[in-house]
Amino acid sequence: MNFFETQHLTKRFGGLIAVNDLSFGVEEGEIFGLIGPNGSGKTTVFNLITGSYPITSGTIQFKNHRLNGLATWKICKLGVGRTFQVVKPLRRMTVLDNVIASAFNHTGSLHEARDKALQALEFCDLIEKKDYPAKGLTIGDRKRLEITRALATEPALLLLDETMAGLTPQEQTEGVELIRKIRDAGITIIIVEHIMHVIMSICDRILCINYGQEIASGLPAEVANNQDVIEAYLGKD
Amino acid sequence: MKRISWPTIVVIALLVLFPLVVQSDYYRHIFILSLMWVVIGSAWNLLAGYTGQVSFGHAIFFGTGAYTAGLGVTKLGISAWWGMLLGGPVALLVGLIIGWICFRLRGPYFALATIAIGEIFRLVAIDWRSMTDGMDGILIIQSFRSKLPYYYLALALAIACVFAVYLVLRSKWGYYFVAIREDQDVAETIGISSFRYKSLSLMISSYFTGMAGAFYMNYMAFIDPHVVFSLHDISIMAILVAIIGGVGTLWGPAVGAFIMVWLQEIFRSAFFGLLPQWVSEAHVLVFGLLVIFVIRYLANGIVGDWSKITGDWFKKKQLSYSSSGN
Ligand SMILES: Nc1ncnc2c1ncn2[C@@H]1O[C@H](COP(=O)(O)OP(=O)(O)OP(=O)(O)O)[C@@H](O)[C@H]1O
Ligand SMILES: [Mg+2]
């Protein structure tokens, strides 16, 4: 049994099939890339995993839990953390308070939550901005806050949704380092990213989807050279 | 835990000394009502200001607390003081049920539902005559002729309520409440059951509001449905108290309570009899204008925008300095 696995995962929005019979597995400790053109269903897959949308059919299993039908907060308690593609800072709280709120996931004590939050901020190199109001951060720092907040819930599986989009090349390099560091800390990662050199350099395996369906999967080099993938990205002539 | 700051101690000391210095029953009465509104305003603020769930129906809990105390006398033959013990829990139970119905839905449903449920409670209290004596209301015999016991009880309630809010805000619950206010989707994905914590916030809020209602029964010795289940004199007043003082600030509702009760009194008495009586009818209008003013210029209330108030004043002084220098 895989660490994480979906079977025939399907999601319909009315007439639109956003995710179509998608089956894939992720092993513990790997960085798993999920790619595909705009609107191909990547974020929807994340929303299904975290229980934000009800599943139309299929199953999702994480460690020995079936996630189908569980409330979002329970899925988080089981050890699934996520970032939002459209960043959602808790605006009228400081950076530190944002992270403390998530650090309460496995403790009831403010003292402990604060310590955990400071550790996470240190880990993600956001500690200097801890007293900033969250709404005042730059886009780069907002993305970093998304990651920090997800890490503070102490996940075993982390879902990263385009955390590099809109960053400068310098910030992207730092982002790649951070993601490797997270993996080295023992956290399994599923990453959605459009920036190809990022995805190719850090992923152990990649799944490419289009119209919610798998079109290729395997090692980065295999997927990158797959004819269907190239067509999906460049469009058929 | 952080020590309690000295301004807090000074304010409490002044409030303790107040009725000893001021012998006038009239002023003591105004202060007793103000302290009661500190409780209601702070309770409303925990739910709306900190948890983001706006209630237009806090009269539900106030009236429930008041009627718990009153019905104890008329139906069970026990002292109305039992209401101080029972009013909170009964109101909390009502809050729990309302939350259970409304908090599964998102958006303005809770606000709308509180208006509707508030009216239902008022109408039931009017029409269920065999239980409530309807519009005849409930009249009891006051325990004390002096205002002093009531004053200190109200003061104790106010301090307890503000302190409770303070403690909640420094705990996991407080962080969870504010996270829900800021973004419910984020709250859920960081492990917060928004349904559970919204309900908890509502339960604390309704508990204290119910206590205030029970206190009111004991103190005023008379209630009827229009008074304690009133949409504008209780539910809207609770909102005004918090908005004027500062929504989402610890001390805002306390400041707002003293301002609003005084304003209400000034209008009720038509500026202490200096102006013609019709002025007293205008208080709703003036409250409305006041709210518009505060929302426009002091969106965070007097406490929330205190630095802005003093800052603006300071800036103007500096400006006049420089212009006189030219
Ligand atoms: N809540 C929703 N209701 C209706 N349709 C939706 C909803 N969410 C997504 N969709 C549709 O599902 C499809 C997949 O969207 P999704 O956001 O998962 O794509 P994506 O791969 O994340 O795209 P991008 O790379 O642009 O972020 C799109 O056609 C989108 O319009
Ligand atoms: Mg997306």
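Chain A is the first sequence line, chain B the second, and so forth, proteins listed ahead of strands; every chain is numbered from 1. On a predicted model such as this, the values are computed, not experimentally measured, just so you know.
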Using non-hydrogen atoms and a 4.5 Å limit, figure out which bit of S193(B) sits close to chain A: side chain, backbone, both or neither. both
Go through F195(B), W173(B), Y175(B) and name the one with the most non-hydrogen pairs under 4.5 angstrom from chain A. Y175(B)
How about Y53(A) and F13(A): are their ring centres within less than 6.0 Å of each other? yes
Let's test your reading of the structure: which of I100(A), N98(A), L90(A) forms the most heavy-atom pairs below 4.5 Å with chain B? L90(A)
For V26(A) versus T188(A), what's the shortest heavy-atom pair and its separation? CG1-CG2, 3.7 Å
Ring-plane angle category for F32(A) and F24(A), please: parallel below 30°, perpendicular beyond 60°, tilted otherwise. parallel
Does L169(B) reach the side chain of F177(B), with side-chain heavy atoms less than 4.5 Å apart? no
Residues 70-86 of chain A vs chain B, non-hydrogen distance cutoff under 4.5 Å, contacting residues -> T72(A), W73(A), C76(A), K77(A), R82(A), F84(A)
Region of S109(A) that comes under 4.5 Å of a non-hydrogen atom in chain B: neither
Inspect the contact between E154(A) and K116(A) and indicate whether a charged nitrogen and a carboxylate oxygen are less than 4.0 angstrom apart. yes
Should the pair K181(A)-D125(A) be classified as a salt bridge under the 4.0 Å nitrogen-to-oxygen rule? no
Please determine, by modelled atom types, if T59(A) and Q7(A) share a side-chain donor-acceptor pair under 3.5 angstrom. no
Testing R91(A), K88(A), R92(A) for salt bridge (Lys or Arg N to Asp or Glu O under 4.0 Å) with E182(B), which one passes? R92(A)
When the 4.5 angstrom heavy-atom criterion is applied to A113(A) and chain B, the contacting part is neither
